[in-house]
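Atoms within each ligand, like the ligands themselves, are counted from 1 in listed order.
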Amino acid sequence: MSLKLIGSRSSPYVRKVRIVMAEKKLDYQFVEEDVWADTTTIARANPLGKVPCLLMEGGEAVYDSRVIVEYLDTLSPVGRLIPVPGRERAEVKTCEALADGVMDAGVLARMEAIWPHRADSERSQAWIDRQLGKVHAGLMALSQGLGDKPFCSGIHLSLSDIAVGCALGWLEFRFPHIDWRSAHPNLARLQDKLMQRQSFADTRPG
Ligand code: GSF
(Lines give C-alpha, C1' and ligand atoms only; values in the text may rest on other atoms or scores of the structure.)
Protein backbone atom coordinates (compact mmCIF):
# COMPACT_ATOMS: atom_id res chain seq x y z
CA MET A 1 0.00 0.00 0.00
CA SER A 2 1.85 3.12 -1.12
CA LEU A 3 -0.53 6.03 -0.45
CA LYS A 4 -0.98 7.30 3.10
CA LEU A 5 -3.73 9.70 4.10
CA ILE A 6 -3.24 11.68 7.29
CA GLY A 7 -6.53 12.84 8.75
CA SER A 8 -9.31 12.53 11.28
CA ARG A 9 -12.71 10.87 11.09
CA SER A 10 -14.54 14.06 12.05
CA SER A 11 -13.04 16.33 9.37
CA PRO A 12 -15.36 16.92 6.40
CA TYR A 13 -12.38 17.69 4.13
CA VAL A 14 -10.76 14.38 5.05
CA ARG A 15 -14.09 12.65 4.47
CA LYS A 16 -14.24 14.12 0.97
CA VAL A 17 -10.87 12.55 0.18
CA ARG A 18 -11.83 9.19 1.74
CA ILE A 19 -15.04 9.04 -0.29
CA VAL A 20 -13.12 9.80 -3.49
CA MET A 21 -10.63 7.05 -2.59
CA ALA A 22 -13.49 4.58 -2.06
CA GLU A 23 -15.38 5.57 -5.23
CA LYS A 24 -12.16 5.26 -7.25
CA LYS A 25 -11.36 1.93 -5.53
CA LEU A 26 -7.92 3.20 -4.49
CA ASP A 27 -6.04 1.48 -1.71
CA TYR A 28 -4.43 3.58 1.03
CA GLN A 29 -3.37 3.58 4.63
CA PHE A 30 -5.37 5.92 6.90
CA VAL A 31 -3.13 7.55 9.51
CA GLU A 32 -5.27 9.21 12.18
CA GLU A 33 -4.07 12.52 13.53
CA ASP A 34 -5.66 14.96 15.98
CA VAL A 35 -4.43 18.31 14.68
CA TRP A 36 -5.84 20.10 17.72
CA ALA A 37 -3.78 18.07 20.22
CA ASP A 38 -0.69 19.78 21.69
CA THR A 39 1.32 16.72 20.67
CA THR A 40 0.37 16.77 16.98
CA THR A 41 3.18 16.20 14.49
CA ILE A 42 1.14 17.16 11.43
CA ALA A 43 3.41 20.13 10.65
CA ARG A 44 6.17 17.69 9.66
CA ALA A 45 4.03 16.75 6.68
CA ASN A 46 2.03 19.96 6.15
CA PRO A 47 3.56 23.20 7.44
CA LEU A 48 0.05 24.66 7.61
CA GLY A 49 -0.77 22.10 10.28
CA LYS A 50 -3.93 20.92 8.56
CA VAL A 51 -5.51 17.70 7.42
CA PRO A 52 -6.11 16.08 5.01
CA CYS A 53 -2.54 15.52 3.88
CA LEU A 54 -1.71 12.79 1.36
CA LEU A 55 1.73 11.20 1.43
CA MET A 56 2.75 9.80 -1.94
CA GLU A 57 4.87 6.75 -2.69
CA GLY A 58 8.13 8.65 -2.09
CA GLY A 59 6.79 10.44 1.00
CA GLU A 60 6.06 13.75 -0.79
CA ALA A 61 3.10 15.56 0.74
CA VAL A 62 0.06 16.73 -1.23
CA TYR A 63 -2.54 19.11 0.21
CA ASP A 64 -5.18 20.55 0.45
CA SER A 65 -8.27 18.42 -0.14
CA ARG A 66 -9.04 19.99 -3.52
CA VAL A 67 -5.54 19.28 -4.81
CA ILE A 68 -5.63 15.75 -3.40
CA VAL A 69 -8.95 14.79 -4.99
CA GLU A 70 -7.94 16.25 -8.33
CA TYR A 71 -4.78 14.12 -8.26
CA LEU A 72 -6.62 10.99 -7.14
CA ASP A 73 -9.09 11.31 -10.00
CA THR A 74 -6.18 10.93 -12.45
CA LEU A 75 -4.92 7.72 -10.83
CA SER A 76 -7.61 5.43 -12.11
CA PRO A 77 -10.09 5.59 -14.97
CA VAL A 78 -12.72 4.02 -12.66
CA GLY A 79 -15.63 6.43 -12.17
CA ARG A 80 -14.29 9.80 -13.33
CA LEU A 81 -15.44 12.38 -10.79
CA ILE A 82 -14.11 15.55 -12.43
CA PRO A 83 -14.90 16.38 -16.08
CA VAL A 84 -12.16 17.17 -18.60
CA PRO A 85 -11.02 20.84 -18.69
CA GLY A 86 -13.80 23.12 -19.89
CA ARG A 87 -17.06 24.55 -18.74
CA GLU A 88 -18.43 21.42 -17.01
CA ARG A 89 -15.23 21.12 -15.04
CA ALA A 90 -15.50 24.75 -13.94
CA GLU A 91 -19.07 24.05 -12.79
CA VAL A 92 -18.02 21.01 -10.75
CA LYS A 93 -15.07 22.86 -9.20
CA THR A 94 -17.28 25.86 -8.36
CA CYS A 95 -19.79 23.57 -6.66
CA GLU A 96 -16.92 22.00 -4.70
CA ALA A 97 -15.67 25.48 -3.75
CA LEU A 98 -19.16 26.40 -2.56
CA ALA A 99 -19.54 23.26 -0.46
CA ASP A 100 -16.00 23.68 0.93
CA GLY A 101 -16.84 27.32 1.67
CA VAL A 102 -19.87 26.23 3.72
CA MET A 103 -17.55 23.96 5.71
CA ASP A 104 -14.91 26.73 6.06
CA ALA A 105 -17.49 29.15 7.44
CA GLY A 106 -18.89 26.48 9.76
CA VAL A 107 -15.41 25.63 11.05
CA LEU A 108 -14.64 29.32 11.67
CA ALA A 109 -17.93 29.80 13.54
CA ARG A 110 -17.36 26.67 15.61
CA MET A 111 -13.77 27.52 16.51
CA GLU A 112 -14.77 31.05 17.50
CA ALA A 113 -17.33 29.51 19.86
CA ILE A 114 -15.35 26.59 21.31
CA TRP A 115 -11.57 26.91 20.74
CA PRO A 116 -10.29 26.24 24.26
CA HIS A 117 -7.32 28.63 24.08
CA ARG A 118 -9.61 31.66 23.83
CA ALA A 119 -11.28 33.28 26.85
CA ASP A 120 -15.04 33.76 26.66
CA SER A 121 -14.52 37.54 26.57
CA GLU A 122 -12.45 37.09 23.38
CA ARG A 123 -15.25 35.35 21.47
CA SER A 124 -17.22 37.46 19.02
CA GLN A 125 -20.89 36.68 18.39
CA ALA A 126 -20.83 39.11 15.45
CA TRP A 127 -18.09 37.00 13.83
CA ILE A 128 -20.02 33.79 14.49
CA ASP A 129 -23.16 35.35 12.97
CA ARG A 130 -21.18 36.52 9.95
CA GLN A 131 -19.89 32.99 9.31
CA LEU A 132 -23.28 31.37 9.92
CA GLY A 133 -24.72 33.81 7.38
CA LYS A 134 -22.34 32.31 4.83
CA VAL A 135 -23.43 28.79 5.80
CA HIS A 136 -27.08 29.68 5.19
CA ALA A 137 -26.36 31.57 1.95
CA GLY A 138 -24.24 28.65 0.75
CA LEU A 139 -26.99 26.14 1.52
CA MET A 140 -29.49 28.27 -0.38
CA ALA A 141 -27.22 28.44 -3.43
CA LEU A 142 -26.52 24.68 -3.30
CA SER A 143 -30.24 23.98 -3.15
CA GLN A 144 -30.99 26.33 -6.04
CA GLY A 145 -28.18 24.78 -8.07
CA LEU A 146 -29.50 21.27 -7.45
CA GLY A 147 -33.13 22.12 -8.26
CA ASP A 148 -34.92 18.89 -9.12
CA LYS A 149 -31.91 17.27 -10.83
CA PRO A 150 -30.78 13.83 -9.62
CA PHE A 151 -27.22 15.06 -8.95
CA CYS A 152 -25.57 18.47 -8.54
CA SER A 153 -23.77 18.45 -11.90
CA GLY A 154 -25.26 16.37 -14.68
CA ILE A 155 -26.91 12.98 -14.29
CA HIS A 156 -24.06 11.07 -12.65
CA LEU A 157 -22.28 11.24 -9.34
CA SER A 158 -19.42 13.74 -9.48
CA LEU A 159 -17.08 15.51 -7.09
CA SER A 160 -19.85 18.12 -6.68
CA ASP A 161 -22.10 15.61 -4.91
CA ILE A 162 -19.27 14.29 -2.77
CA ALA A 163 -18.33 17.78 -1.59
CA VAL A 164 -21.97 18.75 -0.97
CA GLY A 165 -22.67 15.47 0.86
CA CYS A 166 -19.66 16.06 3.12
CA ALA A 167 -20.78 19.61 3.93
CA LEU A 168 -24.33 18.44 4.74
CA GLY A 169 -23.14 15.48 6.81
CA TRP A 170 -20.77 17.69 8.78
CA LEU A 171 -23.49 20.28 9.48
CA GLU A 172 -25.73 17.48 10.75
CA PHE A 173 -22.88 16.33 13.01
CA ARG A 174 -21.66 19.70 14.37
CA PHE A 175 -24.70 21.99 13.98
CA PRO A 176 -27.69 19.68 14.52
CA HIS A 177 -29.91 22.70 15.30
CA ILE A 178 -29.53 24.04 11.74
CA ASP A 179 -32.62 22.55 10.11
CA TRP A 180 -31.43 22.56 6.50
CA ARG A 181 -33.55 19.46 5.78
CA SER A 182 -36.83 21.37 6.20
CA ALA A 183 -35.49 24.49 4.47
CA HIS A 184 -34.09 22.56 1.48
CA PRO A 185 -35.90 19.23 0.94
CA ASN A 186 -34.03 18.66 -2.34
CA LEU A 187 -30.70 18.68 -0.45
CA ALA A 188 -32.18 16.22 2.06
CA ARG A 189 -33.20 13.91 -0.82
CA LEU A 190 -29.69 14.09 -2.28
CA GLN A 191 -28.10 13.42 1.10
CA ASP A 192 -30.34 10.40 1.75
CA LYS A 193 -29.45 9.00 -1.67
CA LEU A 194 -25.72 9.55 -1.12
CA MET A 195 -25.87 7.84 2.28
CA GLN A 196 -26.97 4.64 0.50
CA ARG A 197 -23.52 4.45 -1.05
CA GLN A 198 -20.95 2.38 0.81
CA SER A 199 -18.38 5.19 0.50
CA PHE A 200 -20.64 7.62 2.39
CA ALA A 201 -22.02 5.11 4.91
CA ASP A 202 -18.51 3.95 5.85
CA THR A 203 -17.28 7.49 6.54
CA ARG A 204 -20.18 9.02 8.50
CA PRO A 205 -18.62 11.51 10.98
CA GLY A 206 -18.83 10.97 14.73
C1 GSF B 1 -9.05 22.89 4.86
C2 GSF B 1 -8.47 21.85 5.81
C3 GSF B 1 -8.80 22.17 7.27
O4 GSF B 1 -9.18 23.29 7.62
C5 GSF B 1 -8.71 21.56 2.75
O6 GSF B 1 -7.99 20.57 2.95
O7 GSF B 1 -9.62 21.56 1.92
N8 GSF B 1 -8.85 23.96 2.70
C9 GSF B 1 -8.39 22.86 3.49
N10 GSF B 1 -8.65 21.14 8.12
C11 GSF B 1 -8.87 21.35 9.54
C12 GSF B 1 -9.53 20.14 10.13
S13 GSF B 1 -11.20 20.29 10.01
O14 GSF B 1 -11.70 21.43 10.58
O15 GSF B 1 -11.76 19.54 9.13
C16 GSF B 1 -7.52 21.47 10.23
O17 GSF B 1 -6.67 20.64 10.01
N18 GSF B 1 -7.37 22.49 11.07
C19 GSF B 1 -6.20 22.67 11.90
C20 GSF B 1 -5.83 24.12 12.04
O21 GSF B 1 -4.91 24.39 12.80
O22 GSF B 1 -6.46 24.97 11.39
Ser65 N/O under 3.5 Å from ligand 1 N/O: yes
For Val107, atoms of ligand 1 separated by under 4.0 Å from a heavy atom: 14 (O)
Check: Ser11 N/O within less than 3.5 Å of ligand 1 N/O: yes
Donor on one side chain, acceptor on other, Gln125 and Asp129, under 3.5 Å: yes
Least distance between heavy atoms, Ala113 atom then Ile128 atom: CB-CD1, 3.9 Å
Atoms in ligand 1 flagged as close to Pro52, the criterion being non-hydrogen separation under 4.0 Å: 6 (O)
Any side-chain heavy-atom pair of Trp170 and Val102 under 4.5 Å: no
Side chain, backbone, both or neither: Val51 near ligand 1, heavy atoms under 4.0 Å: both
Part of Asp64 within contact of ligand 1 (heavy atoms, under 4.0 Å): both
Residues in side chain to side chain contact (heavy atoms under 4.5 Å, CB included) contact with Leu98, at least two apart in sequence or another chain: Ala141, Leu142
Where Glu33 and Ser8 come nearest, the two heavy atoms and their spacing: O-CB, 3.7 Å
Trp36, portion touching ligand 1 at heavy-atom distance under 4.0 Å: side chain
Heavy atom of the protein closest to atom 22 (O) of ligand 1 (residue, atom name, distance): Lys50 CE, 3.5 Å
Heavy-atom neighbours of Ile114 CD1 exceed 12 at 6.0 Å: yes
